[in-house]
Amino acid sequence: TKSCCTIPTLRYCFTDGRYRSVCGSAAVVLLQIRGICSRREPLISVGSTMTSRDDVDAAGERTTPLTFGGSLELHEGTLKILQSMWAASGDNGLVRLDAILHALTTPPSAMTCRYDPHKFGGSAAEAVKALRIEVAAAELDALNSVGGPAHRDHAGNVDAASSAEGDEGEDAVVSWEPTPHGTIPDVLVIPCHGRQDDLRPEPKEVVVGLLCGMAVLRGAPVFAPGVFAIATGVIAGDCVSVWADVDGVCLRGTSAAFVGRKVFVGNGVVTQSRVAFFREEAPAGVYVAMTSLLYATPRFGGSALFVLQNAPSCCAGHELAVDPGLTVLDMCAAPGGKTAHIATLMAGRGTLVALERSAKRATTLRDMMAKQFPWVEVRKMDAVKVISGKNGFAAGHFDRVLLDAPCTGLGQRPRLRQSVLPAEMLSIPRLQRKLLATGAMALKPGGLLVYSTCTINAFENEAVVAWALGEAANLGLELMPPRNPVGHPGLHGQGLTPDQCLNVQRFDPSRDSTMIGFFVARFRKRLS
């Protein structure tokens, strides 16, 4: 039986087993289905040119070293799908995509912190002063914990004693200077100091997981669960270099030097010996206190007054336009950053229901909310069943709905490799559309729904919005202009008109180096 599953710009025809790019009247065969969906499909390295590949030796092994700020590895079919999207957008689309993929290999050029203006009397200046003190104290604590001096090298000079007091004497150096975000009202920005190319690795090595390494580059210490291997003979207080295992093949606890692909992220000091660490059944806490990073970033883990949160994520909370007294639904709430932001904006007045499908994540979220927002109702529930399922809600129950949808995460940074398969890029939008339809049914007429993702994949962004406005027009959703424009317009050629592209926000890390790749759309449910 001849049938087609159509998504803007890309169509898979079951009759001939091919994906076809649909641009105007021309249909160009892109990929064979067998190749695009194979898990053994080769990874390619995207660097300064879109088609570059790693060099290989005689045995067929890759020899090109990876480094943050270099090339990004991803499946060839995934790249071709992305290329088809940006080619359809016009305006040097492939050049723009290349810039985006390169930007994703680096950390954001600034750290962003969210705060509650009510705790500072509405004064951004007071918030800036408090954050400056906390960052300086965190720097001093990190250095004192390893017996170092109260200053840093080119990764950020700190004289915490004078910096914390705001002394502007000639001997005082304020390393990290927070400033208010120009558009988002409750966000402060701390510019980072960039890549430190002259930083040399310490001889003794600690190997960590790739996700742990990426967190370190954004200012986190090395926590024990992320540690794979430690050099033989390491004792508490030793200076070590930290390396991320690119391919995830390092055996935990191995005493042999790791010879797989690894990338340097910084130097630090260990808190206990190798022998003591691996003797513990479940080691916890900080294992390496970082003293210098490949990308100089404040070593600040948040506090009771400030929360580390990406700026686009904060933007999504504000687009919801919550006010005290409203009934609000967060459909996919864990890990809870946006839930906490909404709760802060509601000032404890109203009803906020946070859903999480995973029992473990729901428990963690419930514990998190209990500490600061005990009035928030956390439910272990599949959001798809929020209307129809047992213990669900009546249709039209909520004034506001946030759908921060499960996605491929293709906008997160820094990244060295993306393991997202082409099939996932095409399958996840089906779940997203189902969730969006459920959210629309849960929304009162006249209410607002915000849809967001942390991916650059247009199938999960513009194409989902186009579906809601077209094929699913019976949902009664109308696209609203941004309340607080921070991002760029949507990608053309993905089902939205030029005017509709202006009413969604696509956050492009190649255009704003402080951002991750992100997408936000704001809907209102028609009154009739």
Side-chain angles (χ1 to χ4, degrees), residues 5-12 19 21-24 30 78-94 96-97 99-101 104 312 315-316 319 402-412 420 422 424-437 439-440 449-473 475 477-482 485-512 515-524:
C5 176
T6 303
I7 302 175
T9 77
L10 199 64
R11 174 182 296 159
Y12 171 61
Y19 280 91
S21 175
V22 181
C23 304
L30 285 181
T78 299
L79 175 61
K80 288 184 177 180
I81 291 175
L82 292 173
Q83 286 177 317
S84 75
M85 295 173 184
W86 265 262
S89 73
D91 191 26
N92 294 318
L94 292 180
R96 289 173 52 204
L97 175 61
I100 292 170
L101 295 178
L104 293 178
C315 178
E319 288 299 306
L402 173 65
L403 173 53
D404 185 46
C407 69
T408 54
L410 284 169
Q412 294 288 2
V420 175
E424 294 175 279
M425 297 180 68
L426 302 172
S427 63
I428 288 181
R430 290 196 289 271
L431 172 60
Q432 293 163 336
R433 293 194 294 267
K434 193 171 184 179
L435 288 167
L436 183 56
L449 183 152
V450 169
Y451 175 81
S452 64
T453 73
C454 58
T455 184
I456 63 172
N457 179 15
F459 294 164
E460 303 174 69
N461 297 334
E462 289 86 354
V464 171
V465 174
W467 170 83
L469 301 177
E471 183 180 341
L475 294 176
L477 296 177
E478 55 184 2
L479 187 62
M480 302 295 292
V486 181
H488 293 89
L491 194 67
H492 289 187
Q494 302 303 313
L496 297 180
T497 68
D499 286 343
Q500 289 170 338
C501 284
L502 294 175
N503 284 340
V504 300
Q505 297 191 72
R506 174 176 276 270
F507 294 82
D508 182 340
S510 70
R511 295 183 177 184
D512 185 342
M515 300 291 182
I516 63 171
F518 207 84
F519 180 85
V520 178
R522 184 169 180 252
F523 299 93
R524 182 174 64 190

**Asked** Taking it one step at a time, do C315 and F507 satisfy side-chain contact (heavy atoms from CB on, under 4.5 Å)?
**Response** CA-CA 11 Å; C315 178; F507 294 82; 3.9 Å; yes

**Message:** Set out, in order, the CA-CA distance, both residues' side-chain angles and the distance that settles side-chain contact (heavy atoms from CB on, under 4.5 Å) for L479 and V465, then state yes or no.
**Reply:** CA-CA 8 Å; L479 187 62; V465 174; 4.2 Å; yes

**Worked check of side-chain contact (heavy atoms from CB on, under 4.5 Å) between F519 and E462** = CA-CA 9 Å; F519 180 85; E462 289 86 354; 3.7 Å; yes

**Asked** Could you go step by step and tell me if L79 and L101 meet the side-chain contact (heavy atoms from CB on, under 4.5 Å) rule?
**Response** CA-CA 10 Å; L79 175 61; L101 295 178; 4.0 Å; yes

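When all heavy atoms of V504 and A521 are compared, the closest pair comes out as CG1-CB, 4.0 Å. Shown here for M425 and L82, the closest heavy-atom pair between the two residues is CE-CD2, 3.8 Å. Scanning both residues, L94 and A87, for their nearest heavy atoms gives CD2-N, 4.3 Å. When all heavy atoms of V450 and A316 are compared, the pair lying nearest together is CG1-O, 3.9 Å. What you find for G411 and L104 is that their closest heavy atoms are O-CD2, 3.5 Å. Of all the heavy atoms in W467 and A437, the pair that sits closest is CH2-CB, 4.1 Å.
In this structure, T78 contributes its side chain and V420 its backbone to a donor-acceptor pair below 3.5 Å. Checked by atom type and distance alone, the side chain of Q432 pairs as donor or acceptor with a backbone atom of P406 at under 3.5 Å.
Annotation: the span from E478 atom CD to L469 atom CG amounts to 9.5 Å, rounded to 0.5 Å. The distance from atom CG of L496 to atom CG of N503, rounded to the nearest 0.5 Å, is 9.5 Å. With rounding to the nearest 0.5 angstrom, the CE atom of M85 is 9.5 Å from the CG atom of L97. T455 OG1 to R506 CZ: the interatomic distance, rounded to the nearest 0.5 Å, is 8.0 Å. Note: L477 CG to L475 CG = 5.5 Å, rounded to the nearest 0.5 Å. Note that CD of E424 is 9.5 Å distant from CD of E460, once rounded to the nearest 0.5 Å.
Using a 4.5 Å heavy-atom cutoff, the side chains of P312 and I516 are in contact. No side-chain heavy atom of E319 sits less than 4.5 Å from a side-chain heavy atom of S452. Using a 4.5 Å cut-off on side-chain heavy atoms (C-beta onward), I456 and L491 make no contact. Proximity of R522 to Q505: side-chain heavy atoms (C-beta onward) are nowhere separated by under 4.5 Å.
Partners of P485 under the side chain to side chain contact (heavy atoms under 4.5 Å, CB included) rule, at least two apart in sequence or in another chain, are P482.
Residue R524 qualifies as open at atom CZ: its count of foreign heavy atoms under 6.0 Å is 12 or below.
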